[in-house]
There are 2 protein chains.
Amino acid sequence: MIYQINMKFKTPTSTVLYSIEETIKAYRRLSQKNISEVIPDITVDQALILIVINQNDKTQSEIADLVFKDYASMTRIVNLMVSKDYLDKTVDAEDKRKTKLTITEKGKRVIKKLKPMITKNRETALAGVSEEEMLQLFNILQKITKNCQSNTH
Amino acid sequence: MIYQINMKFKTPTSTVLYSIEETIKAYRRLSQKNISEVIPDITVDQALILIVINQNDKTQSEIADLVFKDYASMTRIVNLMVSKDYLDKTVDAEDKRKTKLTITEKGKRVIKKLKPMITKNRETALAGVSEEEMLQLFNILQKITKNCQSNTH
DNA sequence: TATTTTTGTTTGATATATCAAATAAATATG
DNA sequence: CATATTTATTTGATATATCAAACAAAAATA
């Protein structure tokens with residue numbers, strides 16, 4: 001497909017935003033396939049959340065913000081991960097509204113297995129993309145994100 | 001957030017792929033909000049599919065490929081759109097396996113109302129992004145997409 | 001202190017994503 | 001021609017997305 005610059009009416013499928021969707025779906029498909037080879041019963045989202053919790057001592061909603069999850073989604077994903085014995089969920093003693101999330105022993109073993117695969121997925125996806133290109137990509141994406149956010153409310 | 005180049009272990013949240021997720025979610029949120037103002041009972045995906053069907057005389061799966069939808073998802077989305085009287089669904093006379101999708105009169109009126117809003121959403125999202133940047137973005141994204149696809153196969 | 005507001009999380013309802021399995025029609029093959 | 005294979009779509013099961021409403025605990029206010 002060719003990116004069209006000079007069109008009076010840009011069709012949905014000729015827009016960069018369409019390309020962004022395409023890319024993220026391709027990447028998620030690759031990730032899920034490779035993650036399933038290592039740990040069959042975990043999803044891409046669960047894997048990401050597991051690693052982010054491991055690196056950040058934060059409440060459930062703070063983790064949700066980090067991984068761009070809705071709080072309702074987060075509740076459900078966390079409950080699934082608790083039932084699979086990847087996470088422990090307890091109420092915060094200081095503030096009983098808050099939820100403490102900790103990684104179980106099983107969760108820690110899973111993280112060890114996952115990390116190399118996640119690194120590999122990134123390397124696969126970004127093969128041949130220079131540091132300069134990544135920086136360009138990052139900056140343009142941030143610009144678009146800010147445009148959207150400042151107009152969403 | 002700052003994009004980190006020189007880290008031995010890149011955390012999930014410091015990767016461009018994370019930025020891509022962030023951007024697409026912000027854009028979808030903006031789109032849904034503005035589309036709902038014009039047509040309250042339509043989703044971003046349904047709006048996209050309506051317009052793509054309008055511009056392409058193709059079967060259900062071909063449309064699904066165009067909008068990156070799984071065939072199973074497509075079946076369900078189309079059924080919802082039929083029940084809302086946006087689409088008519090009939091079996092192809094030549095090949096009874098295939099599905100013909102046509103826009104209803106209501107669907108056509110909805111498209112007319114949607115188009116300006118969709119154009120506006122794109123303009124909002126891409127404000128201040130030069131043609132050169134869009135081309136860069138497009139090319140980098142295509143590279144990543146191909147990397148992922150050739151490894152998912 | 002009693003009441004109101006805010007904060008963190010959950011639940012319900014509906015839409016979409018994904019994989020596997022099922023179906024029916026069309027095509028290929030022996 | 002009968003059977004096997006392929007193609008287009010559907011269905012089932014489970015995960016996630018999103019909005020609105022509910023809830024309980026904490027904080028602010030009268």
Earlier contact from the 5' end, DNA chain D, for A93(A) and Y71(A): Y71(A)
Interface residues of residues 94-114 of chain B with DNA chain D (non-hydrogen, below 4.0 angstrom): R97(B), K98(B), T99(B)
Residues, nucleotides or ligands: over 12 heavy atoms within 6.0 Å of K106(B) NZ: yes
Sugar-phosphate, base or nothing in reach of D45(B), heavy atoms under 4.0 Å: sugar-phosphate
salt_bridge(D65(B), K58(B)) N-O dist < 4.0 Å: no
Between P of dA15(C) and NZ of K25(B), the distance in whole Å: 20 Å
Contact under 4.0 Å: S73(A) side-chain N or O vs dT18(D) OP1/OP2: no
Side-chain donor-acceptor pair present, S36(B), Q32(B), cut-off under 3.5 Å: yes
Side-chain N,O (T75(B)) to OP1/OP2 (dT10(D)) below 4.0 Å: yes
Below 4.0 Å: OP1/OP2 of dA17(D) and any side-chain N or O of K69(A): yes
Modelled atom types, side-chain donor and acceptor of N54(A) and K108(A), under 3.5 Å: no
Heavy-atom closest contact (Y27(B) atom, N121(B) atom, distance): CE1-O, 3.9 Å
Whole-Å distance separating the CG atom of D70(B) from the C1' atom of dT14(D): 14 Å
E62(A) CD - dG8(C) P separation (whole Å): 8 Å
Gap between atoms CG and C1', on L80(B) and dT18(D) respectively (whole Å): 15 Å
5′-ward residue of the pair K89(A)/Q32(A) relative to DNA chain C: K89(A)
Short N-O contact, D45(A) and R28(A), less than 4.0 angstrom: yes
Closest to the Q46(B) side chain, choosing from dA20(C), dA15(C), dC19(D): dA15(C)
base_contact_polar (dT16(D) base, R28(B) side chain, donor-acceptor, <3.5 Å): no
Atom-pair distance (CD1 on I63(A); P on dG8(C)), nearest Å: 14 Å
Option passing side chain to side chain donor-acceptor pair (under 3.5 Å) with K89(A) (candidates T102(A), T75(A), N79(A)): N79(A)
Whole angstrom value for the distance that separates P of dA15(D) from CZ of R76(B): 15 Å
Atom pair distance, as rounded to whole Å: NZ in K58(A) and P in dT7(C): 18 Å
Between C1' of dA24(D) and CG of D92(A), the distance in whole Å: 15 Å
